[in-house]
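Below: the structure, in structure tokens.
Throughout, protein chains are lettered first and strands after them, A, B, ... in sequence-line order, and every chain is numbered starting at 1.
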There are 2 protein chains.
Amino acid sequence: MLQQYPHDNRVLVATDCIIFGFDGEDLKVLLIKRNFEPEKGKWSLMGGFMNVNEDLEVGAKRILHELTGLENVYMEQLQAFGEVSRDPVERTVSVSFYALINIHDHDAELARANNAYWVSLDKKPSLIFDHDRMVTMALQRLRYKAALHPIGFELLPEKFTIPQLQRLYEAIYSNSFDRRNFSRKILSTKLLIDTGEKNEQGITKKAVLYRLDQERYQRQFNAFLNFIADF
Amino acid sequence: MLQQYPHDNRVLVATDCIIFGFDGEDLKVLLIKRNFEPEKGKWSLMGGFMNVNEDLEVGAKRILHELTGLENVYMEQLQAFGEVSRDPVERTVSVSFYALINIHDHDAELARANNAYWVSLDKKPSLIFDHDRMVTMALQRLRYKAALHPIGFELLPEKFTIPQLQRLYEAIYSNSFDRRNFSRKILSTKLLIDTGEKNEQGITKKAVLYRLDQERYQRQFNAFLNFIADF
DNA sequence: GAGAAATCGTGTACAAATAACACGATTTAC
DNA sequence: GTAAATCGTGTTATTTGTACACGATTTCTC
């Protein structure tokens with residue numbers, strides 16, 4: 001069998017991560033203020049090169065781990081970006097992944113060491129290369145996905161209130177929903193378990209804390225709701 | 001500025017195309033019976049290597065054109081596949097695209113020359129490498145997409161009847177819909193224009209021929225229906 | 001070519017989901 | 001301590017979805 005294809009068009013493959021977080025108010029992305037070349041001083045996504053002996057997805061998780069210290073987070077491939085001159089240094093195909101993390105779980109020191117900052121989506125600076133487009137498409141994908149599958153919870157702490165969840169969905173869809181209808185719609189999925197507790201030390205202790213019914217979550221991942229605003 | 005990154009992990013990037021067609025009965029994919037190495041004699045998707053001076057998408061359209069003679073068809077990237085040993089010959093990252101074409105428009109001689117055949121999805125043979133997974137994911141993506149956006153028309157001739165359109169959707173979702181409700185739902189989108197004609201030479205001339213309102217199609221591409229069976 | 005079977009278009013009734021709005025109780029802000 | 005804001009539950013009207021009926025036309029069968 002052949003050991004190599006008779007081609008001389010091998011290129012670098014990189015991975016860029018769109019890392020989403022939610023601070024209770026805004027939907028945020030984790031961005032790097034680059035203190036390295038190329039494009040030093042500018043903003044970009046967290047990225048890195050894929051190793052030859054490493055699965056694409058494994059590489060993406062490695063890069064996410066390097067920046068956040070996290071493992072086992074929700075991560076999904078967005079798509080490959082492969083325009084000839086997207087990277088001015090050298091032809092590079094980048095495969096982008098988006099991740100949803102609980103913003104309070106990540107390792108702040110690692111972020112600091114990498115010069116990474118959480119930025120609200122509506123205050124996002126311009127990014128290098130085609131990273132702006134990556135973020136735009138990741139948000140769009142998130143909107144599609146979250147409208148049909150219960151992935152919003154990935155952005156929240158283990159225990160959360162329904163108003164919190166609503167603010168998250170409103171941030172994702174840049175839209176507002178009727179408080180009462182939202183609550184009923186969410187509870188009708190039976191995906192939430194009432195813990196009986198209230199937030200003792202938090203800002204608000206009016207609302208009841210719920211947690212996700214993990215078993216149901218797995219079971220009915222493919223049959224959720226239709227939120228969808230008009231996006 | 002650097003001319004090259006200091007890495008030695010460049011790999012081949014390939015493109016594989018999942019080409020969907022509809023013959024009035026079944027949803028089909030265009031597959032290659034390989035008369036070349038590697039995996040000669042087995043079935044695979046149409047594919048090829050990306051050139052270093054060629055955008056990914058341009059490469060995908062080139063490959064589609066080589067096999068079908070078509071240009072300006074609906075084509076969308078599925079995702080990149082990048083497991084280390086997906087191609088036993090050499091590490092290769094493949095970026096897959098799916099296309100929707102009018103099955104009667106393609107160049108049959110080109111297909112013959114490439115040893116390509118239309119195969120119904122439910123009679124699909126096993127494919128090489130991870131091509132089976134590509135087809136499965138492409139179908140899933142098509143189901144999502146077609147439930148929210150009016151892309152089904154890309155698979156039909158310019159003029160078509162509502163029963164034809166229904167058979168298409170039933171093929172996509174492996175499901176059946178109520179004839180009367182389907183018709184009303186489709187017409188309520190105002191996307192179809194009644195041509196007044198009936199199919200003179202076709203099999204059936206009972207149903208009225210419609211054509212797509214191109215202007216509306218562009219305008220309300222993002223606000224379509226919710227078909228979705230349970231997938 | 002005549003009668004039977006299938007298909008097409010339109011119509012109606014009922015059920016479910018969505019949207020809009022009201023109220024009392026609790027918590028927070030001043 | 002009082003006013004304003006938030007939370008949970010409830011009610012109603014509208015829209016959308018589902019199930020089934022009928023007559024007209026076309027196709028099939030012999």
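Computed from coordinates, the Asp194(A) CG to dC7(D) C1' distance equals 13 Å when rounded to whole Å. Put simply, CZ on Phe177(B) is 19 Å from P on dT16(D), counting in whole angstrom units. The separation between Leu165(A) atom CG and dG8(D) atom P is 12 Å, rounded to whole Å. Computed from coordinates, the Ile162(B) CD1 to dC8(C) P distance equals 11 Å when rounded to whole Å. The interatomic distance linking Asn175(A) (CG) with dA19(C) (P) rounds to 11 Å, in whole Å. One atom, CZ of Phe182(A), and another, P of dG8(D), lie 12 Å apart when rounded to the nearest Å. Between Tyr210(B) atom OH and dG9(C) atom C1' the separation is 8 Å, expressed in whole Å. As rounded to whole Å, 15 Å separates atom P of dC7(D) from atom CG of Leu192(A).
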Query raised in the report: What would the secondary structure line of DNA chain C be in dot-bracket form, counting Watson-Crick and G-U wobble pairs under 3.5 Å, with [ ] for pairs that cross earlier ones and | for pairs with another strand?
Result: ||||||||||||||||||||||||||||||
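With respect to the salt-bridge test (charged N to carboxylate O, under 4.0 angstrom), the residues Glu170(A) and Arg167(A) do not qualify. Classification of Lys28(A) and Asp23(A) as a salt-bridged pair holds, one side-chain N sitting under 4.0 Å from a carboxylate O.
The minimum heavy-atom distance between Tyr217(A) and Pro150(A), with the atom names listed, is CE1-O, 2.9 Å.
Checking Asp16(A) against Ser96(A) by side-chain atom types alone, no donor-acceptor pair falls below 3.5 Å.
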Atom pairs and distances, side-chain donor-acceptor, residues 67-80 of chain A, under 3.5 Å, sequence neighbours left out:
unit_1	atom_1	unit_2	atom_2	d
Thr68(A)	OG1	Leu64(A)	O	2.8
Thr68(A)	OG1	Leu70(A)	N	3.1
Tyr74(A)	OH	Glu76(A)	OE1	3.0
Glu76(A)	OE1	Tyr98(A)	OH	2.7
Gln77(A)	OE1	Ala80(B)	N	2.6
Gln77(A)	NE2	Ala80(B)	O	2.9

Could you go through nucleotides 20-22 of chain D and list every protein N or O atom that sits under 3.5 Å from one of its N or O atoms, giving the distance for each pair?
unit_1	atom_1	unit_2	atom_2	d
dC20(D)	N4	Arg180(B)	NE	3.3
dA21(D)	N7	Arg180(B)	NH1	2.7
dA21(D)	N6	Arg180(B)	NE	3.4
dA21(D)	N6	Arg180(B)	NH1	2.9

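Across Asn114(B), Ile19(B), Ile103(B), Val119(B), a single residue satisfies side-chain contact (heavy atoms from CB on, under 4.5 Å) together with Leu30(B), and that is Ile19(B).
With sequence neighbours excluded, the residues that form a salt bridge (Lys or Arg N to Asp or Glu O under 4.0 Å) with Glu215(A) are Arg219(A). Residues that satisfy the salt bridge (Lys or Arg N to Asp or Glu O under 4.0 Å) test with Arg211(B), not counting sequence neighbours, are absent from this structure. In terms of the side-chain contact (heavy atoms from CB on, under 4.5 Å) criterion, residue partners of Asn181(A) (sequence neighbours excluded) are, by chain and number, Asp178(A), Arg184(A).
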